[in-house]
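Everything on this sheet refers to the single structure shown next.
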Amino acid sequence: IPGYGDSPPAEMVVTAQGRMTFLDHILQELGMQRPVLVSPSMSGRFALPFLLAQGDRLAGFVPIAPVGTKDYTAEQYQRVQTPTLILYGDRDTSLAPQALQNLQYLPEHRVAMLPGAGHACYLDKPEDFHRALLGFLRQLK
């Protein structure tokens, strides 16, 4: 993610609009049409603005305790028709409950909680994570 970790800062990603545009450019450059967007943690700052503005371009959305869910209203979430799998580890007691509380307003959502997994549930319980993800992907149109 530009501007995080060891990556250089990027002016473009300072605003939600800029982050949405950045993600849009990536999807266009990769030639992706109707991808499933998997969004763990800090990537929520990119994925959520994109989902709310252009969710119809996605076949599905998989938020994994993303940051930034409190920046949007229940009404904004309720307008999104993108099939969503809200995925989290039950040992993530900070970000996961907040994300679940906000993302539950997405009308086309289901929830998968991974027992014994923390914030990076895909690292803690990779088999359970992949089972939940593949089950969701199989049910998409």
Over all atoms of both residues, closest heavy-atom pair of [X] and [Y]:
X: A99; Y: A65; answer: CB-CA, 4.1 Å
X: A132; Y: L85; answer: O-CD2, 3.7 Å
X: P107; Y: Q78; answer: CG-O, 3.4 Å
X: P66; Y: G44; answer: CB-CA, 3.7 Å

Verify side chain to side chain contact (heavy atoms under 4.5 Å, CB included) between I64 and Y88, making sure each step is shown before the conclusion.
CA-CA 5 Å; I64 307 163; Y88 69 99; 5.7 Å; no
Would you say the side-chain atoms of [X] pair up with the backbone N or O of [Y], donor to acceptor, closer than 3.5 Å?
X: H130; Y: E127; answer: no
X: Y77; Y: T69; answer: yes
X: E29; Y: I26; answer: no
X: R34; Y: D56; answer: yes
X: T82; Y: G55; answer: yes

Once rounded to the nearest 0.5 Å, what's the spacing between atom [atom1] of [X] and atom [atom2] of [Y]?
X: L114; Y: D128; atom1: CG; atom2: CG; result: 5.5 Å
X: L23; Y: Q54; atom1: CG; atom2: CD; result: 8.5 Å
X: L51; Y: M20; atom1: CG; atom2: CE; result: 11.5 Å
X: D124; Y: Y122; atom1: CG; atom2: OH; result: 9.0 Å
X: H119; Y: T93; atom1: NE2; atom2: OG1; result: 11.0 Å
X: D92; Y: Q98; atom1: CG; atom2: CD; result: 10.5 Å

Counting only heavy atoms from other residues, nucleotides and ligands, does the tally under 6.0 Å from [atom1] of [X] exceed 12?
X: Q28; atom1: CD; answer: yes
X: Y72; atom1: OH; answer: yes
X: R91; atom1: CZ; answer: no

Check whether [X] and [Y] end up in the same hydrophobic cluster, where Ile, Leu, Val, Met, Phe, Trp and Tyr are linked by side-chain heavy atoms less than 4.5 Å apart.
X: I86; Y: F61; result: yes
X: L52; Y: F22; result: yes
X: V62; Y: L58; result: no
X: F129; Y: L140; result: yes
X: L103; Y: F50; result: yes

Checking R110 against Q139 for the side-chain hydrogen bond (donor to acceptor under 3.5 Å, both in side chains) test, could you report, in this order, the C-alpha distance in whole Å, the side-chain angles of both residues, the deciding distance, and whether it holds?
CA-CA 12 Å; R110 68 185 71 160; Q139 294 184 6; 2.5 Å; yes
Partner set under salt bridge (Lys or Arg N to Asp or Glu O under 4.0 Å) for D90, not counting sequence neighbours:
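So D90 forms no salt bridge (Lys or Arg N to Asp or Glu O under 4.0 Å) with any residue.
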If the threshold is 4.0 Å, N to carboxylate O, is there a salt bridge linking D71 and R45?
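Looking at D71 and R45, the cut-off is met.
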